[in-house]
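Everything on this sheet refers to the single structure shown next.
Since the model is a prediction, treat every value here as computed from it, not as a measurement. So that the names make sense, note that chain A is the first sequence line, chain B the second, and so on, each numbered from 1.
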Amino acid sequence: MPELPEVETIVRGLDKRVAGDTVESVWIGSKPQPLKSPASVIARALEGKRIARVRRAGKHIVFELEAEAHPAQWIVHLGMTGRMVVSESAAEVVKHTHLIAKLASGRELRFIDPRMFGKLSVVTAGFDPGGVEPLEVTEERFIALFHGRKTPIKCALLNQKLLRGVGNIYADESLFRAGIRPRRRASTITRAQFSKLHRALREVLRKAIALGGSSISDYVDADGSEGFFQFQHRVYGREGEPCLVCKSPIRRIVLAGRSSHYCATCQR
DNA sequence: ATACCGACCTGTCAGC
DNA sequence: TGCTGACAGGTCGGTA
């Protein structure tokens with residue numbers, strides 16, 4: 001489900017609501033799939049801990065847990081369908097709820113994930129998912145990331161070891177805005193085009209964050225509110241519909257196993 | 001290194 | 001009213 005703008009929206013909501021709150025107890029469901037760390041490790045790391053703050057690293061949610069001796073971080077990756085919401089304890093526990101952390105304030109932090117592609121873990125060393133943040137990377141650094149790579153530019157954009165946080169929607173949308181086809185080999189793209197792509201990607205991500213992300217089917221923020229960037233999509237999910245610039249039908253191909261949408265006229 | 005592919009799961013929707 | 005297949009914001013591991 002969630003790419004950088006969605007995770008950023010969720011993290012801002014979580015930080016506003018649970019930073020400074022303390023985890024009193026943790027319930028973890030019996031489905032083992034969403035856990036990278038053992039359930040007992042996660043429960044022990046959370047229980048009794050104050051959440052100093054919540055931040056984002058790529059598509060990961062990072063809960064900074066306070067501790068005198070060994071500060072730890074609770075890392076949550078939402079996968080495709082994961083949700084992290086703050087609920088009143090009286091609220092109905094929906095199907096596919098895998099973890100509930102009861103907070104001192106009386107509210108609950110709930111992790112819900114129907115497809116169970118999400119991952120929960122606890123780390124004590126500094127968490128580093130690798131890759132650079134697209135909203136922080138300079139143009140020079142951005143261009144250098146792709147230097148000499150023969151892989152299609154879209155595959156490179158999705159590679160979290162290069163850039164962290166870009167997913168299928170924002171890769172397609174930024175490539176459209178930069179006028180580059182998803183299959184173009186990175187090594188054949190000019191500096192001027194990379195410069196355009198760098199700008200387009202940052203603009204798309206910033207605008208999406210401003211609109212609370214894209215809600216396609218089930219994405220909601222920490223409040224349960226939907227985003228609005230889906231109404232700004234120019235190619236994603238628009239196969240067969242006319243290009244908003246030139247009216248050619250938007251094409252859909254499969255690249256790296258993912259649907260990829262582009263305009264054959266506007267993108268080269 | 002790099003590519004493609006299936007696997008991991010459940011849910012939804014279109015078509016028959 | 002089924003049933004079947006395609007598809008879904010992500011990542012990982014195996015294979016050429």
Any donor-acceptor pair under 3.5 Å from A:D221 side chain to A:T9 backbone
no
Can A:R191 and A:E140 be counted as an ion pair, charged N to O under 4.0 angstrom?
yes
What interatomic distance, in whole Å, is found between P of B:dC5 and the corresponding atom of C:dA6?
15 Å
Measure the spacing between CZ of A:R12 and CG of A:D223 and express it to the nearest 0.5 Å.
14.0 Å
Would you say A:F117 stacks on B:dC8, if stacking means ring centres under 5.5 Å apart and planes within less than 30 degrees?
yes
Could I get a table of every N or O pair under 3.5 Å where one atom is in the protein and the other is in nucleotides 12-16 of chain C?
none

Short question: side chain of A:T81, backbone of A:R115 - any donor-acceptor pair under 3.5 Å?
yes
Atom pair distance, as rounded to whole Å: CD1 in A:I216 and C1' in C:dC7:
13 Å
Using modelled atom types and a 3.5 Å cut-off, is there a donor and acceptor pairing between side-chain atoms of A:E173 and backbone atoms of A:R234?
yes
Show me the protein contacts with nucleotides 3-5 of chain B, counting only N or O atoms at under 3.5 Å.
from  : atom 1 : to     : atom 2 : distance (Å)
B:dA3 : OP1    : A:T151 : N      : 3.2
B:dA3 : OP2    : A:T151 : OG1    : 2.7

Salt bridge (Lys or Arg N to Asp or Glu O under 4.0 Å) involving A:E66 - partner list, sequence neighbours excluded
A:R50
In dot-bracket, 5' to 3', how would DNA chain B read with Watson-Crick or G-U wobble pairs under 3.5 Å, [ ] for crossing ones and | for pairs to another strand?
.|||||||.|||||||
Are A:R252 and C:dC7 close enough that a side-chain N or O sits under 4.0 Å from OP1 or OP2?
yes
At what distance, to the nearest 0.5 angstrom, does CG of A:L163 lie from NE2 of A:H198?
9.0 Å
Can you tell me how far CD1 of A:I153 sits from CG of A:L197, rounded to the nearest 0.5 angstrom?
5.5 Å
A:H77 NE2 - B:dC8 P separation (whole Å):
19 Å
Inter-nucleotide P distance (B:dT10, C:dT1), Å rounded:
25 Å
How close or far is atom P of B:dT2 from atom CD1 of A:I153, stated in whole angstroms?
13 Å
So side chain to side chain donor-acceptor pair (under 3.5 Å) across residues 254-264 of chain A, not counting sequence neighbours, yields A:K154-A:S260, A:D172-A:H261, A:R252-A:S259
Return the value, rounded to whole Å, for the distance between atom CG of A:N168 and atom P of C:dT11.
11 Å
Common cluster, A:F229/A:F176, ILVMFWY with side-chain heavy-atom separation under 4.5 Å
no
Rounded to the nearest 0.5 Å, what separates atom NE2 in A:H60 from atom NE2 in A:H77?
4.5 Å
Rounded to the Å, how far apart are A:D113 CG and B:dC8 P?
16 Å
Could you check how far OH of A:Y236 sits from C1' of C:dG10, rounded to whole Å?
11 Å
Report each atom pair, protein N/O against N/O of nucleotides 11-14 of chain B, whose distance is under 3.5 angstrom.
from   : atom 1 : to    : atom 2 : distance (Å)
B:dG11 : OP1    : A:K95 : NZ     : 3.2
B:dG11 : OP1    : A:H96 : NE2    : 2.5

Does a nitrogen or oxygen in the side chain of A:S259 sit under 4.0 Å from OP1 or OP2 of C:dC7?
no
In whole angstrom, give the distance that lies between atom CG of A:L158 and atom P of B:dT2.
15 Å
Heavy atoms of A:H233 and A:I169 approach each other most closely as NE2-CG2, 3.5 Å
A:S121 and A:W74: which non-hydrogen atoms are nearest, and at how many Å?
O-CD1, 3.2 Å
Looking across every strand, which nucleic acid part, if any, lies under 4.0 Å from A:Y170 by heavy atom: base, sugar-phosphate, or nothing?
nothing
Hey, could you give me the CD/NZ distance between A:E47 and A:K49, rounded to the nearest 0.5 Å?
9.5 Å
Report the distance from atom CZ of A:R238 to atom P of C:dC7, rounded to the nearest whole Å.
19 Å
Are A:L14 and A:V122 connected in a single hydrophobic cluster, I mean Ile/Leu/Val/Met/Phe/Trp/Tyr linked by side-chain heavy atoms less than 4.5 Å apart?
yes
OP1, OP2 of C:dG10 versus side-chain N and O of A:Q160: anything below 4.0 Å?
no
